[in-house]
Q: 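One structure coming up, written as structure tokens, with questions to follow.
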Amino acid sequence: MANISIIALLCFTISVSSSLNYSYGAAAENMQYMVVGHVYCDTCRVEFETKLSEPISGAVVKLECRNRTNEAITFQSKEIVTDNHGDYHVIVEGDYEESDCDVALVRSPRADCSDPTEAWRKSRVVLTTFDGLSGKLRFANNLGFKKDIALPQCTRILQEMGYYELSQEAGYFTTWSKL
Ligand SMILES: *[C@@H]1O[C@H](CO)[C@@H](O)[C@H](O)[C@H]1NC(C)=O
Ligand SMILES: *[C@@H]1O[C@H](CO)[C@@H](O)[C@H](O)[C@H]1NC(C)=O
């Protein structure tokens with residue numbers, strides 16, 4: 001999680017402190033959360049971040065909550081676009097104790113890096129205080145799109161990270177395994 005926009009944080013703090021009515025602040029319908037996260041390009045096609053991963057600016061994600069019992073949509077954000085650092089934030093009103101909320105990748109602006117990773121195409125966020133989590137700032141796991149062809153430097157970087165080449169399937173798609 002690199003730079004969360006300081007301006008976004010400031011705006012959030014100001015809007016929360018000016019709108020919070022403390023006698024009602026704890027009521028579920030008055031809860032307001034800020035979900036922050038990051039979108040990167042998995043330039044090594046390994047489904048995890050390396051130091052060669054690149055932030056994607058202009059990537060689109062969305063946040064959706066569904067009732068855990070009947071799957072009905074209980075919250076749906078507009079499209080959220082990442083900034084120059086690949087970071088995004090979205091403000092959600094209400095408490096979603098009975099819902100499962102996920103931020104999911106929608107699309108990438110990079111033609112060479114637009115294939116959502118299996119592992120990090122979406123990230124669960126908890127938007128309730130009833131399970132003991134306090135605080136209004138909620139961090140989503142970083143989400144990644146895979147680059148079409150791995151960068152040549154990946155071999156060295158992955159070996160440094162303790163991975164070795166498992167197989168060289170289909171020409172240029174390499175599988176890596178931890179030593
Ligand atoms: C909080 O909101 C209630 C109802 O809207 C209002 O009556 C009350 O004066 C507000 N309290 C403060 C501290 O703003
Ligand atoms: C979720 O669905 C269940 C079953 O239909 C319903 O009883 C409950 O009120 C719903 N909760 C929300 C927050 O919509």
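Just so you know, residue 1 is the first one in the sequence shown, and it goes up from there.
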Q: Give a yes or no answer on whether the side chain of Thr117 reaches the backbone of Gly144 with a donor-acceptor pair at less than 3.5 Å.
A: yes
Q: Does Arg138 reach the main-chain N or O of Val126 with its side chain, forming a donor-acceptor pair under 3.5 Å?
A: yes
Q: Compare all side-chain heavy atoms of Arg110 with those of Phe145 and state whether any distance is below 4.5 angstrom.
A: no
Q: Between Glu97 and Met31, is there a side-chain heavy-atom distance shorter than 4.5 Å?
A: no
Q: Run the salt bridge (Lys or Arg N to Asp or Glu O under 4.0 Å) check on Glu54 and Lys147 step by step: do they pass?
A: CA-CA 10 Å; Glu54 295 162 1; Lys147 196 172 171 316; over 6 Å; no
Q: Give, for atom CD of Glu71 and atom OG of Ser99, the distance between the pair rounded to the nearest 0.5 Å.
A: 10.5 Å
Q: Go through it in stages, so that I can follow the logic: the residues are Lys146 and Glu118, the test is salt bridge (Lys or Arg N to Asp or Glu O under 4.0 Å), and I'd like the CA-CA distance, side-chain angles, deciding distance and then a yes or no.
A: CA-CA 9 Å; Lys146 262 192 291 204; Glu118 269 319 307; over 6 Å; no
Q: Does Leu127 reach the side chain of Leu63, with side-chain heavy atoms less than 4.5 Å apart?
A: yes
Q: Would the distance check show the side chain of Asp102 and the main-chain N or O of Ala104 forming a donor-acceptor pair, the cut-off being under 3.5 Å?
A: no
Q: Are Val39 and Val60 joined in one hydrophobic group, where the rule is that I, L, V, M, F, W and Y side chains link up if heavy atoms are under 4.5 Å apart?
A: no
Q: Nearest 0.5 Å please: distance from the NE2 atom of His38 over to the CG atom of Asp87.
A: 6.0 Å
Q: Mind listing the closest non-hydrogen atom pair of Leu143 and Val103 along with its distance?
A: CD1-O, 3.8 Å
Q: Which pair of non-hydrogen atoms, one from Val81 and one from Gly58, has the smallest distance, and what is that distance?
A: CG1-CA, 3.6 Å
Q: Given the rule that I, L, V, M, F, W and Y join up when any side-chain heavy atoms are under 4.5 Å apart, are Phe139 and Met34 in one cluster?
A: yes
Q: Roughly how far, to the nearest 0.5 Å, is CD of Glu64 from OG1 of Thr74?
A: 8.5 Å
Q: Of the non-hydrogen atoms in Asp42 and Ser53, which two are nearest, and what is the gap between them?
A: CA-OG, 4.5 Å
Q: Are Ile157 and Val46 in one and the same hydrophobic cluster, where Ile, Leu, Val, Met, Phe, Trp and Tyr link if side-chain heavy atoms are under 4.5 Å apart?
A: yes
Q: So, taking the atom named CE in Met161 and the one named CG in Leu52, what distance separates them when rounded to the nearest 0.5 Å?
A: 9.0 Å
Q: Is there a path of hydrophobic side-chain contacts, each under 4.5 Å between heavy atoms of I/L/V/M/F/W/Y residues, joining Ile80 to Val35?
A: yes
Q: Ignoring hydrogens, what is the shortest heavy-atom contact between Ser57 and Asn84? Give both atom names and the distance.
A: CB-CA, 3.6 Å
Q: Quick check, are the ring centers of Phe75 and Tyr33 under 6.0 angstrom apart?
A: no
Q: Search all heavy atoms of Leu158 against all heavy atoms of Cys44 and return the closest pair with its distance.
A: CD1-CB, 4.3 Å
Q: Compare every heavy atom of Ser108 with every heavy atom of Ile56, then report the nearest pair and how far apart it is.
A: CD1-OG, 4.1 Å
Q: Can you tell me how far apart CG (Asp148) and SG (Cys113) are? Round to the nearest 0.5 Å.
A: 7.5 Å
Q: Enter the distance from Gln76:CD to Arg66:CZ here, rounded to the nearest 0.5 Å.
A: 7.5 Å
Q: Is a side-chain N or O of Tyr163 found less than 3.5 angstrom from the main chain of Glu160, in a donor-acceptor match?
A: no
